[in-house]
Amino acid sequence: MRPTLLDPLFAAITTLPGIGPKLEKLYRRLLGRDDEPRIVDLLFHLPTGAIDRRARPKLREVEPGTVVTVKVTVDRHRPAPPGRDRAPHLIYASDDTGDLVITYFRARKEYLEKLFPVGETRYVSGLTALYDGMLQMVHPDRVVDEKGLAVLPMIEPVYPLTEGITANMIVKAMDSALSRIPVLPEWQDAAFLAKNGFPDFGTALRKLHRPEALDDIAPQGGAHTRLAYDELLASQLALGLMRAHNRKRAGRANAGDGHLRRAIIAALPYSLTLSQHRALDAIVADLGKPERMVRLLQGDVGSGKTVVALLAAAAVIEAGRQAALMAPTEILARQHFNTIAPLAATVGIRADLLTGRERGKDRAVLLERLESGDVHFLVGTHALFQDDVTFRDLALAIVDEQHRFGVHQRLALVNKGEAVDMLVTTATPIPRTLVLTYFGDMDISELREKPAGRLPVDTRTIPLERLDEVVDAVGRALKDGQRVYWVCPLVAESETGDLAAAEDRFKALRKRFGRAVDLVHGQMRGSEKDEAMRRFSVGESQLLVSTTVIEVGVDVPEATVMVIEHAERFGLAQLHQLRGRIGRGHGKSTCLLLYRAPLGETAKARLAIMRETEDGFRIAEEDLKLRGEGDVLGTRQSGMPSFRIASPEAHGHLLPAARDDARLILSRDATLASERGKALRVLLYLFERDDAIRLVDAG
Ligand code: ADP
Ligand code: MG
């Protein structure tokens, strides 16, 4: 239960004076809430900038175009002549150094005459301009007298707005909201706060909403940073608690004696890279412990994750148990199976495949064999966690290309066995900050090396006008016996558009090169796709035109050329994925990125990075810089909450510290029972990461 201490913050926003049901609707939109916004939502609606009104020059010193607050005497009014609504109402004012014309359009004369009584002193604040050689201020932001000046915020926060909610309304609502902040126990370490000069939680919010210096409002300033760190710590604590909970759930020692692994390694036509060895050692060590494994295997395209996955499976099979590998698409599942099955067979591991396509009698037989333990290793798609799929003794679930699966799907597979260990692999590296954010509950292995003997891919960018030359070059490659991928453009958001583009290209290329040209796209039936992939991989076809269905994981080492049309429409990660399909064999590979000029800034940067590097870890970081965090992970699909206060750009660098901090805290106080632990619970509730608390309290 949420501590009652926090009740004032979680009270509905309608408990603030002046906010009724009508405004509540607008606040929903402003604060991005599906249901009733609460005071905490308003308080976490941070200003995105500030207007600095501190400049107080004499009129002669005013630099037109700047925001100033000036003290003037009102000399006279010149209202709009009757019947000429469009003409402005002018107010002539001055100080002992010069004159100022204050201009209002469509304002009521009586109102202005009251606001600016002739002969009196007023302070006006706003943007100045030079008009007809006169210093002007059009619609001052603030007009106050001596008393008003005393309480005028000299640095005024600027909030994101929505139609129907003005800045003034937010400022007013925020005033009441700020007054509701209760005194909260400090959850951060006192020495840490002192060292960084961070204010306490309430003070930080007050500084952000009522800044007295520009630093109060800057993302890098103490107030914002403190709150961002609070949020990061909350998320890392939640992940840490989850992780601890995972491990505590009784696991089993699942690793066997190594005989199958040795046999597989001996049968491989290559030797494992050092990274592969290290990753495997870490995995086997985890499997051998009587705790649950939850490990992420990160590696670049082509870094050899599949064989590591197979060896992990072998380890549990040695122990007499079963393993499952789940891939996001049928093509991938089939391909994994095709890679794995022959190797598995040589050492006596019985592997099988289950996708949506296995039906009827075959499926029934397969399920029976699975339940009896006759199948050791089951590879498949989502079909793996259908209700009637029962393992005799599932010990390891390998989830490939994880971020396409939701968290609950991961769990569904894990629930198919007793204390199942989990290994998650990603298609390409994920930027470090995102790994900590989204996979912070996992241990991490990275494959940083590429297998020996890989040649770098020669990547070039070519404007679409030179398409003919590209087709000629492809022709030469085909004559030379090479295999070529031709990826067709993404057509804005529409699969049918993608398809049309691919079909057109297919027809044109087929006309030119004849039967060597084949087509694969997302709307083909599974069996047709497989058949097209098979023809290409055995060389029956040589040029494969495709939509982006070949994006993930497809492995045809003989392919050496990739053409990507309208490369400027693809994201960086996607381009890298696609390019990763070539450069896998021994031949020298070429990637041609065709673009339509002129390129926008971001597209230009993306293509430049593609030319510059093939390092997936670096590309992932650059990608994060070029796009927002949601995009990199395929948006909300991952089902993880994103941050409200911390931004990856301004505060991402604090994540490692927050992670270490969370680990240290939990190592000393695993159930958050100490005095500080209790304060940290408040923090978790405040940022709504309290699911994790329930795990702890349930024991
Ligand atoms: P990933 O899934 O990480 O993209 P794969 O597991 O598909 O990469 O491996 C890509 C290719 O590299 C496969 O053809 C595989 O047989 C090969 N491979 C894997 N490990 C090695 C290695 N250590 N040395 C040489 N080739 C390897
Ligand atoms: Mg793979």
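Ligands are counted one by one from 1 in listed order, and the atoms in each one are counted from 1 as well. Starting from 1, each residue takes its place in the sequence as its number.
More than 12 non-hydrogen atoms from other residues, nucleotides or ligands lie less than 6.0 angstrom from CZ of Arg534. Within 6.0 Å of atom CZ in Arg596, 12 or fewer heavy atoms from other residues, nucleotides or ligands are found, so the atom counts as exposed in its surroundings.
Pro269 does not count as a contact of ligand 1, since none of its heavy atoms falls under 4.0 Å from the ligand. At least one heavy atom of Asp300 sits closer than 4.0 Å to an atom of ligand 1. In this structure, Gly299 does not count as a contact residue of ligand 1, since none of its heavy atoms falls inside 4.0 Å of the ligand.
Remark: of the listed residues Arg448, His576, Arg618, Lys305, His576 is the sole one forming a side chain to side chain donor-acceptor pair (under 3.5 Å) with Asp300.
Atoms of ligand 1 lying under 4.0 Å from any heavy atom of Ser271, numbered from 1 in the order shown and given with element: 22 (C), 23 (N), 24 (N). Ligand-side atoms of ligand 1 in range of Thr273: 23 (N), range being under 4.0 angstrom from any heavy atom. Heavy-atom proximity to Thr306, at under 4.0 Å, picks out these atoms of ligand 1: 2 (O), 5 (P), 6 (O), 7 (O).
Checked by atom type, the side-chain pair Asp400/Thr425 shows a donor-acceptor distance below 3.5 Å. Glu568 and His566 form a side-chain donor-acceptor contact under 3.5 Å, judged by distance and modelled atom types alone.
For the pair Arg606 and Phe570, the cation does not sit on the ring face, since its NZ or CZ is not both under 6.0 Å from the ring centre and inside 45° of the axis.
When non-hydrogen atoms are compared, ligand 1 lies under 4.0 Å from the backbone of Leu272 (N, CA, C, O) but not from its side chain.
With hydrogens and angles disregarded, no donor-acceptor distance shorter than 3.5 Å links the side chain of Gln542 to the backbone of Ala516.
Of the polar atoms of Gly304, at least one N or O is found under 3.5 Å from an N or O of ligand 1, judged by distance alone.
Among Pro451, Gly616, Gly580, the residue whose heavy atom lies closest to atom 25 (C) of ligand 1 is Pro451.
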